[in-house]
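Below, chain A is the first sequence line, B the second, and so on; all start at residue 1. It should be emphasised that the depicted structure is a prediction, and the values quoted were computed from it without experimental measurement.
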Amino acid sequence: MRIMLKTRPDVKLPIDLSMVHMDDIMHLSIKEIDHLRVMTGSQSANLGDVFSLTCQPTSDDAVILAGATGLVQAAGQQLHTAKLVIDGNAGCYTGQEMSGGQIEILGNADDCLGISMKGGMISVSGDAGDWCGAAKAGENKGMEGGTILVKGNSGKETGAAMCRGLVVIGGNCDPYTGARMNAGTILCLGYMGENAGVGMKRGSLVAGYSSSLLPAFRSAGHADPTWLHIYLNWLKSTSFPVSPSWWQNKILRFTGDHLVSGKGEILVYEFNE
Amino acid sequence: MYLNNVLIDDTFAEAFPMVYSRLIITADTSRLASLAAQSAGGLAISIIGCACESGLGEMISYKNTPDGRPGQVLYLFSYSAEKLEEHLLTRIGQAILPSATSACFNGLESNQMVSVGGKLRYFGDGYQSSKMLGKRRFWRIPVADGEFVVDESFGIGEGVGGGNLIILGKDRVCTLEAAEAAAQAVRDTTGAIAPFPGGVCRSPSKPRSKYHFLRASTNDVFCPTLRSRVTTQLPVDANAAYELVIDGTTEASVGKAMAAAIRAACLPGIIQITAGNYGGKLGPYHLYLHQLLKEYLECV
């Protein structure tokens, strides 16, 4: 069954969906969904006041958000099994603390995408904002599992304090990618900004190209790309665009952050100082 | 029943449940992948003395392996999951890990998984690291030519072992030629292996001995030099016999391999093809030769 939630034309304020669990919606009647509570601005309201609802009997279950989706915040929070499709841009905190299921964003994603997520898959056709796959403000542990695929660019502190999981950025990453990273893997197929990996304990950052690394990262020769090719082959199987040159060229490897533990690594395909 | 003038005995092969694992071994070239697999297969001929039986499966194109390099499938069979786990650890650790440029992946999704890479990782002496893709964990163990990548867990499946054929011919040369052709037919069957050297066994055994310290001994009824001393099962004109033991991932794959092997072995000089069994009292799988031919080769 497909449930479509389309924002009403008069909605101008942000809508906070943090109290709405997409997994539960699939088992509710239209009337019950209508009466779920959401925050719009500083006011509490019924979901039916800000969204128009339609149901379509289909073989696959999904919830579809349409309309002014950029105003919708915290969609898919704590998602566990359901599939959520956002037909447009996604507001901030989309996929926060999700532990399974799937979120598909057909536009851009605002800040804090997939923050503190534990599982599941988020795919973004456009760009992602700051703190994609990162930790909540003030916390030391961020993303603990799951996969985020962003076909465009991402903002700063992508994957900050990440503990596990995979973040793939098809374009460029702003500075501080993988800051305070505990473990996990971030693939940036384009340009990785400055100060990548600052304070990282373990984990892997892979950059298509970079122009500078912090002095606490040491050159470690060339990387053995076997493990990386496993990821790249999997990415290719999901139809994520990956240039063939990723399988052909040698990769430079740097270990760090040696001010912390030195067990992390940054792999760079093209390094131009 | 005759096939190409060869008498196909109206009998059955008695086969047994076994457990198996399917490894995908990759390397920079298919030659290196094959070498690593052959080394890991090693002394894994018969469950009687080796506790493990192995055979090479198909080569896998670089397009279909996890790391995009040429791959070789290796099957390992044993009588229990515990014993198989031991062999996985030993063979991957001692033969595949040291093989130049190799990596080793699980090729069998199963409800029963055993930790292999999760134990081999300690060879990294603290410098190992792991990567997760979905629910699958790989270990990266630093070695002198880069890293050895291995799946953390390997699947164990329920297979069938002990399918067999005994080929009786006029002399050693033509009987061996037929046996080798049969062995190739087994190798060409997906999910089936013939674990003896080249797939052919020149010493079929019986499960008893006059010596108390032996579990098995030469199958005297097929030994041409003993025909005057025992109740031989060799036809008058037969002077050599070779056995194929066939294990498979399912009863059907064993049956299909046996049927293909029978057809391949029906060459000039071959007099009879039969099979070994224990009266049907030990193994739950009874593979009747005539039925297999009807089912898989559309023979009448």
Peer 1: Show, in sequence, the C-alpha distance, side-chain angles and deciding distance for B/Lys131 and A/Ser204, and conclude whether the side-chain contact (heavy atoms from CB on, under 4.5 Å) test is met.
Peer 2: CA-CA 9 Å; B/Lys131 284 290 162 203; A/Ser204 307; 2.6 Å; yes
Peer 1: When you look at CD of A/Glu139, are more than 12 heavy atoms from neighbouring residues, nucleotides or ligands closer to it than 6.0 Å?
Peer 2: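 Counting other residues, nucleotides and ligands, CD of A/Glu139 exceeds 12 neighbours.
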Peer 1: Shorter than 4.5 Å, heavy atoms on both sides: which option in A/Tyr231, A/Trp234, A/Trp247 has the most such pairs with chain B?
Peer 2: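 When all of A/Tyr231, A/Trp234, A/Trp247 are compared, A/Tyr231 has the most.
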Peer 1: What option among B/Glu147, B/Met132, B/Arg140 has the most heavy-atom pairs under 4.5 Å with chain A?
Peer 2: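 Ranked by heavy-atom pairs under 4.5 Å with chain A, first place is B/Arg140.
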Peer 1: A/Arg202 versus chain B, heavy atoms under 4.5 Å apart: side chain, backbone, both or neither?
Peer 2: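 Neither the backbone nor the side chain of A/Arg202 comes within 4.5 Å of chain B.
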Peer 1: State whether the number of non-hydrogen atoms from other residues, nucleotides or ligands found under 6.0 Å of A/His258 atom NE2 is greater than 12.
Peer 2: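 Counting other residues, nucleotides and ligands, NE2 of A/His258 exceeds 12 neighbours.
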Peer 1: Who among A/Thr147, A/Thr185, A/Leu166 has the most heavy-atom pairs with chain B under 4.5 Å?
Peer 2: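 Among A/Thr147, A/Thr185, A/Leu166, the one with the most close pairs to chain B is A/Thr185.
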Peer 1: Using a strict threshold of under 4.0 Å (side-chain N to carboxylate O), is an ion pair present between A/Asp61 and A/Lys83?
Peer 2: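 Salt bridge flag = no for A/Asp61 with A/Lys83.
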Peer 1: Which bit of B/Thr65 is near chain A, if near means a heavy-atom gap under 4.5 Å: side chain, backbone, both or neither?
Peer 2: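 The backbone, not the side chain.
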Peer 1: Are any of the side-chain nitrogens in A/Asp60 or A/Arg2 under 4.0 Å away from the carboxylate oxygens of its partner?
Peer 2: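 Looking at A/Arg2 together with A/Asp60, the answer is yes, because their closest N to O distance falls below 4.0 Å.
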Peer 1: Please classify the contact between B/Tyr127 and chain A as side chain, backbone, both or neither, with a heavy-atom cut-off of under 4.5 Å.
Peer 2: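 Neither the backbone nor the side chain of B/Tyr127 comes within 4.5 Å of chain A.
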